[in-house]
Undergrad: 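Pasting a structure below so you can have a look.
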Amino acid sequence: MIETQLENVIAWMKEKLTKGNYKTIEIIGDRQLDRAPNLTCLAHSGPEKTDFLDIPKDFYRQIFELLKNTQISEKDTSYFEIKIMAPDEIKHIKLISRAKEYEEKVEIAKKEYIASFPQEPFGKDFAKLVADSLEELGELTKTIDPRDNTGFVLWQNNQGGFDLGTYGFGQRESLKNLPNKDQFIEWMSQESPRSFLELGLPLKSVEIIDLIKIQQIIHRRKL
């Protein structure tokens with residue numbers, strides 16, 4: 001599909017490759033919002049020799065439309081690359097969304113970050129301390145973002161069960177509900193800082209989930 005739409009661009013590159021006796025020719029560029037694409041044509045004769053070739057003006061609109069079609073949102077930036085290494089070989093055509101590329105990198109980084117935290121279970125002694133504290137205090141909270149008063153919370157609900165979740169703007173969102181104390185202790189004893197994050201808590205919640213910090217909160221309040 002993309003190759004067909006760029007047929008005249010590719011034909012021009014092949015012609016330049018042959019006439020200039022180049023080893024590789026590539027067009028690279030990007031577009032942002034509604035501005036014309038910023039394109040560069042590089043013709044490589046060898047590792048230390050590169051020429052810059054003028055790209056025909058009518059190619060800009062054609063490439064611009066292709067880049068525009070890759071957008072996810074109005075604020076997205078698209079990226080474009082064609083590389084030809086021989087007159088009869090298109091090495092690759094790459095047409096990607098910068099927003100999608102960014103999202104993929106963020107997701108990889110998130111998984112790596114979560115994997116760096118302990119997966120050793122909290123254990124029953126600690127889980128019982130948390131449950132006892134929740135019965136005594138009603139909740140254990142820690143603010144993540146003071147600007148909108150959002151954070152991490154463990155609380156005992158009106159039905160006598162226990163919840164783990166987040167709060168913000170006066171509202172709580174439960175990510176895990178256990179109907180009674182025994183089930184809460186059994187569940188939490190098998191959890192870890194890593195599994196809490198995998199459950200869907202914000203990454204900054206790690207600062208709250210940290211076993212030592214939670215233990216300090218509990219022990220201070222029980223003294």
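Computed from a predicted model, the values in this text were never measured in an experiment.
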Undergrad: Will you find, in the side chains of Trp187 and Glu191, an N or O donor that is under 3.5 Å from an N or O acceptor?
TA: yes

Undergrad: Between Ser189 and Ala127, what is the shortest heavy-atom contact and its length?
TA: N-CB, 3.6 Å

Undergrad: Measuring from atom CG of Leu39 to atom CD1 of Ile55, what distance do you get when rounded to the nearest 0.5 angstrom?
TA: 5.0 Å

Undergrad: Using the side chain to side chain donor-acceptor pair (under 3.5 Å) definition, which of the options Lys23, Lys83, Glu26 pairs with His44?
TA: Glu26

Undergrad: When you compare the side chain of Leu175 with that of Phe196, does any pair of heavy atoms fall below 4.5 Å?
TA: no

Undergrad: Got more than 12 heavy atoms from elsewhere within 6.0 Å of NZ, Lys181?
TA: yes

Undergrad: Linking I/L/V/M/F/W/Y whenever any side-chain heavy atoms sit under 4.5 Å apart, do Tyr113 and Ile108 land together?
TA: no

Undergrad: Go through the structure and list residues passing ring pair (Phe, Tyr, Trp, His ring centres under 6.0 Å) with Trp155, not counting sequence neighbours.
TA: none

Undergrad: Could you tell me whether the side chain of Ser45 reaches within less than 4.5 Å of the side chain of Asn21, counting heavy atoms only?
TA: no

Undergrad: Does Phe122 reach the side chain of Val130, with side-chain heavy atoms less than 4.5 Å apart?
TA: no

Undergrad: How far apart are the closest heavy atoms of Pro193 and Pro118, and which atoms are they?
TA: CD-O, 3.6 Å

Undergrad: Using residues 156-164 as the side-chain source, report each donor-acceptor pair under 3.5 Å to any protein atom, sequence neighbours left out, with the distance given to one decimal.
TA:
residue : atom : partner : partner atom : Å
Asn157  : OD1  : Gln159  : N            : 3.0
Asn157  : OD1  : Gly160  : N            : 3.2
Asn157  : OD1  : Gly161  : N            : 2.8
Asn157  : ND2  : Asp163  : OD1          : 2.6
Asp163  : OD1  : Asn177  : ND2          : 3.1
Asp163  : OD2  : Ser174  : OG           : 2.6
Asp163  : OD2  : Asn177  : ND2          : 3.3

Undergrad: When rounded to the nearest 0.5 angstrom, what distance separates OH in Tyr22 from CG in Asp51?
TA: 3.5 Å

Undergrad: More than 12 heavy atoms of other residues, nucleotides or ligands under 6.0 Å from CD of Glu173: is that the case?
TA: no

Undergrad: Counting only heavy atoms from other residues, nucleotides and ligands, does the tally under 6.0 Å from CG of Asp58 exceed 12?
TA: yes

Undergrad: Decide yes or no on side-chain contact (heavy atoms from CB on, under 4.5 Å) for Phe59 and Leu6, but give the supporting numbers first.
TA: CA-CA 9 Å; Phe59 290 174; Leu6 294 173; over 6 Å; no

Undergrad: Quick one: NZ on Lys128 to OG on Ser133, what's the gap to the nearest 0.5 Å?
TA: 10.0 Å

Undergrad: Check salt bridge (charged side-chain N to carboxylate O under 4.0 Å, His left out) between Lys124 and all other residues, then give those that pass, not counting sequence neighbours.
TA: Glu186

Undergrad: What are the two closest heavy atoms between Val9 and Gln62, and how far apart are they?
TA: CG2-OE1, 3.7 Å

Undergrad: Would you name the heavy atoms of Leu134 and Leu154 that are closest together and state the gap between them?
TA: CD2-O, 3.3 Å

Undergrad: Measuring from Gln190:CD to Ser195:OG, what's the distance to the nearest 0.5 Å?
TA: 9.5 Å

Undergrad: Looking at CH2 of Trp12 and CG of Leu17, how far apart are the two atoms once the value is rounded to the nearest 0.5 Å?
TA: 11.0 Å

Undergrad: Calculate, to the nearest 0.5 Å, the distance between atoms CD and CG belonging to Gln119 and Leu197 respectively.
TA: 12.5 Å

Undergrad: Are Lys19 and Glu15 ion-paired here, with the side-chain N under 4.0 Å from a carboxylate O?
TA: yes

